[in-house]
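Owing to the predicted nature of the structure, the values given are computational and were not obtained by experimental measurement.
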Amino acid sequence: ARFGPIIGASEISKLSGEIIPDLKVLNSSRIILCTVKVWDMLTRRWRQRKVIQAVSLVIFDELHFLGGDVGPTMEVVLSRMRYISSQRKQEGVEELRIVGLSASLANARDVGEWIG
């Protein structure tokens, strides 16, 4: 809602976790909010989904949960997004930017190098 006046409230969407409705929402939005698990479901078939290929920036919040319950899913999704970025680079398309946010990480430098 805070970005509404800047880019238009209709272009900001929160994904529900239902694949078909979420894919329709992705087509009409500039900013998407979702959990790692929802993004995992949507990006598993990223080669068939042009809207996923068009994403230019992904921000992962709470990276300190990499060692927790959601950690394995977050790691898989981060790895997939890195792979998508490398494929885009090979095709001559602008690389995907990946940003990670966290309260505190003991190994922040290692995580940052891994993310790219």
Side-chain angles (χ1 to χ4, degrees):
R2 290 173 50 184
F3 295 108
I6 299 169
I7 65 167
S10 64
E11 297 182 14
I12 303 170
S13 303
K14 181 179 180 194
L15 302 182
S16 64
E18 298 178 31
I19 299 293
I20 301 304
D22 281 351
L23 288 172
K24 290 178 183 176
V25 167
L26 280 172
N27 283 319
S28 62
S29 300
R30 290 184 62 195
I31 296 178
I32 303 295
L33 302 171
C34 69
T35 65
V36 172
K37 291 181 181 184
V38 170
W39 195 245
D40 179 36
M41 287 188 303
L42 290 170
T43 58
R44 284 183 184 178
R45 296 179 56 199
W46 67 272
R47 288 198 187 272
Q48 291 84 25
R49 296 181 173 148
K50 299 288 184 199
V51 69
I52 299 296
Q53 295 174 27
V55 170
S56 59
L57 170 68
V58 178
I59 301 173
F60 289 91
D61 193 13
E62 300 181 338
L63 282 181
H64 52 276
F65 287 138
L66 274 170
D69 292 342
V70 74
T73 304
M74 187 180 290
E75 187 174 340
V76 166
V77 173
L78 273 161
S79 295
R80 185 179 302 129
M81 299 313 294
R82 290 179 59 224
Y83 180 74
I84 291 171
S85 181
S86 71
Q87 293 299 298
R88 289 171 57 152
K89 185 177 181 179
Q90 287 180 359
E91 295 168 1
V93 180
E94 182 182 4
E95 284 185 76
L96 174 68
R97 292 180 8 182
I98 301 172
V99 176
L101 307 174
S102 179
S104 62
L105 285 173
N107 59 342
R109 185 173 309 278
D110 294 336
V111 172
E113 289 175 2
W114 173 68
I115 289 175

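In this structure, L96 and S56 approach most closely via the heavy-atom pair CD1-C, 3.5 Å. For K37 against V70, the heavy-atom pair with the smallest separation is CE-CG2, 4.4 Å. Contact detail for L63 and F60: the closest heavy-atom pair is CD2-CB, 4.0 Å. The heavy-atom pair separating D61 from M74 by the smallest distance is O-CE, 3.9 Å. What you find for M41 and G17 is that their closest heavy atoms are CE-O, 3.3 Å. The nearest pair of heavy atoms linking A103 to H64 is N-ND1, 3.3 Å.
Within the 3.5 Å criterion, the main-chain N or O of V58 finds no donor-acceptor partner in the side chain of R97. Checked by atom type and distance alone, the side chain of S29 never pairs as donor or acceptor with a backbone atom of I31 at under 3.5 Å. Put simply, the side chain of R88 gets close to the backbone of Q53: a donor and an acceptor are under 3.5 Å apart.
The distance from the NZ atom of K50 to the CG atom of N27 is 12.5 Å, given to the nearest 0.5 Å. The line from NZ of K24 to CD of E18 is 11.5 Å long, rounded to the nearest 0.5 Å.
At a threshold of 4.5 Å between non-hydrogen side-chain atoms, the residues V51 and W46 do not count as touching. Residues L78 and I98 meet the side-chain proximity criterion, which asks for heavy atoms closer than 4.5 Å. At least one side-chain heavy atom of W114 sits under 4.5 Å from a side-chain heavy atom of S79. Contact of the L15 side chain with the L26 side chain is registered, since non-hydrogen atoms from C-beta on lie closer than 4.5 Å. Between L101 and I59, some side-chain heavy-atom pair lies under the 4.5 Å cut-off.
The 12-atom threshold is not exceeded at CD of E94, counting heavy atoms of other residues, nucleotides or ligands nearer than 6.0 Å.
Both L23 and V38 sit in one connected hydrophobic cluster of ILVMFWY residues. Membership requires side-chain heavy atoms under 4.5 Å apart, directly or through other members. Residues L42 and V76 do not share a hydrophobic cluster, clusters being chains of Ile/Leu/Val/Met/Phe/Trp/Tyr side chains in contact below 4.5 Å.
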For this session: Give the intermediate values and the outcome of side chain to side chain contact (heavy atoms under 4.5 Å, CB included) for residues W39 and I52.
Result: CA-CA 10 Å; W39 195 245; I52 299 296; 3.7 Å; yes

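With sequence neighbours left out, R47 forms a side chain to side chain donor-acceptor pair (under 3.5 Å) with Y83, Q87.
Applying the salt bridge (charged side-chain N to carboxylate O under 4.0 Å, His left out) definition to pairs two or more places apart or across chains, those involving residues 71-84 are D40-R80.
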